[in-house]
Amino acid sequence: MEQTLSIIKPDAVAKNVVGQILARFEAADLRIAATKKTRLSRVDAEAFYAIHAERPFFKDLVDFMISGPVVVTVLEGNDAMAKNRDLMGATNPAEAEAGTIRADFADSIDANAVHGSDSVENAKIEIAFFFAEREIY
Ligand code: CMP
């Protein structure tokens with residue numbers, strides 16, 4: 001079974017739509033293998049998004065990701081990585097297809113409700129960033 005990492009970002013947590021978003025994963029046959037609510041430190045967020053360190057939006061991204069708690073989830077199922085990306089919709093909610101999480105819950109490209117791993121290889125790295133093996137079932 002493939003696994004991927006989802007982060008429900010501070011904007012969606014503040015809107016109190018965590019349950020609605022998790023329900024969409026389950027409705028699409030993705031299983032919650034691990035989940036927790038946490039708040040990232042600046043060091044955490046900079047490390048998690050290190051791949052974007054040279055991008056002009058990096059500081060805003062980090063500032064936003066540490067602005068409030070997040071809900072981090074390991075999703076498991078057939079094609080979990082691609083399926084989660086379909087459910088999320090385009091990074092920019094203005095371009096996200098109707099019915100996707102970002103179209104329904106996101107306000108801007110920064111406050112875009114959710115993050116999802118962009119490859120199976122990165123999913124392994126991102127899952128290990130947040131969870132010990134004994135926390136994933
Ligand atoms: P995420 O999937 O979490 O990965 C990196 C985040 O950077 C992305 O979602 C957006 O929230 C944010 N971001 C801000 N500006 C851009 C941009 N121009 N291109 C890609 N991501 C951006």
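For ligands, and for the atoms within them, numbers begin at 1 and follow the listed sequence.
The nearest heavy-atom contact from the protein to atom 12 (C) of ligand 1 is Ile109 O, 3.8 Å. Remark: minimum distance from atom 2 (O) of ligand 1 to any protein heavy atom is reached at His115 ND1, 3.2 Å. Protein heavy atom closest to atom 8 (C) of ligand 1, with residue, atom name and distance, is Thr91 CG2, 3.8 Å. With hydrogens left out, the protein atom closest to atom 14 (C) of ligand 1 is Asp110 OD1, 3.4 Å, a heavy atom. Nearest protein heavy-atom neighbour of atom 20 (C) of ligand 1: Phe57 CZ, 3.8 Å.
For atom 3 (O) of ligand 1, the nearest non-hydrogen atom from the set Phe48, Phe64, Tyr49, Phe58 comes from Tyr49.
Only side-chain heavy atoms of Arg102 come within less than 4.0 Å of ligand 1; its backbone N, CA, C and O stay farther off.
Surrounding NZ of Lys124 are at most 12 heavy atoms belonging to other residues, nucleotides or ligands under 6.0 Å away. The local environment of CD1 in Ile51 is sparse, with at most 12 non-hydrogen atoms from other residues, nucleotides or ligands closer than 6.0 Å.
By the 6.0 Å and 45° rule, Lys9 does not stack over the aromatic ring of Phe64.
Under a 4.0 Å N-O distance rule, the pair Asp63/Arg42 qualifies as a salt bridge.
Between Leu61 and ligand 1, no pair of N/O atoms sits closer than 3.5 Å.
In this structure, Lys9 counts as a contact residue of ligand 1, since one of its heavy atoms falls inside 4.0 Å of the ligand. Within the structure, ligand 1 lacks Arg85 among the residues with a heavy atom less than 4.0 angstrom away.
Contacts classified as salt bridge (charged side-chain N to carboxylate O under 4.0 Å, His left out) and involving residues 84-106 (residues at least two apart or in different chains) are given here: Arg24-Asp104.
Shown are Leu5, Thr35, Ile127; of these, the side-chain contact (heavy atoms from CB on, under 4.5 Å) with Thr73 is made only by Thr35.
Ring pair Phe57/His52 is tilted by interplanar angle, where 30° to 60° counts as tilted.
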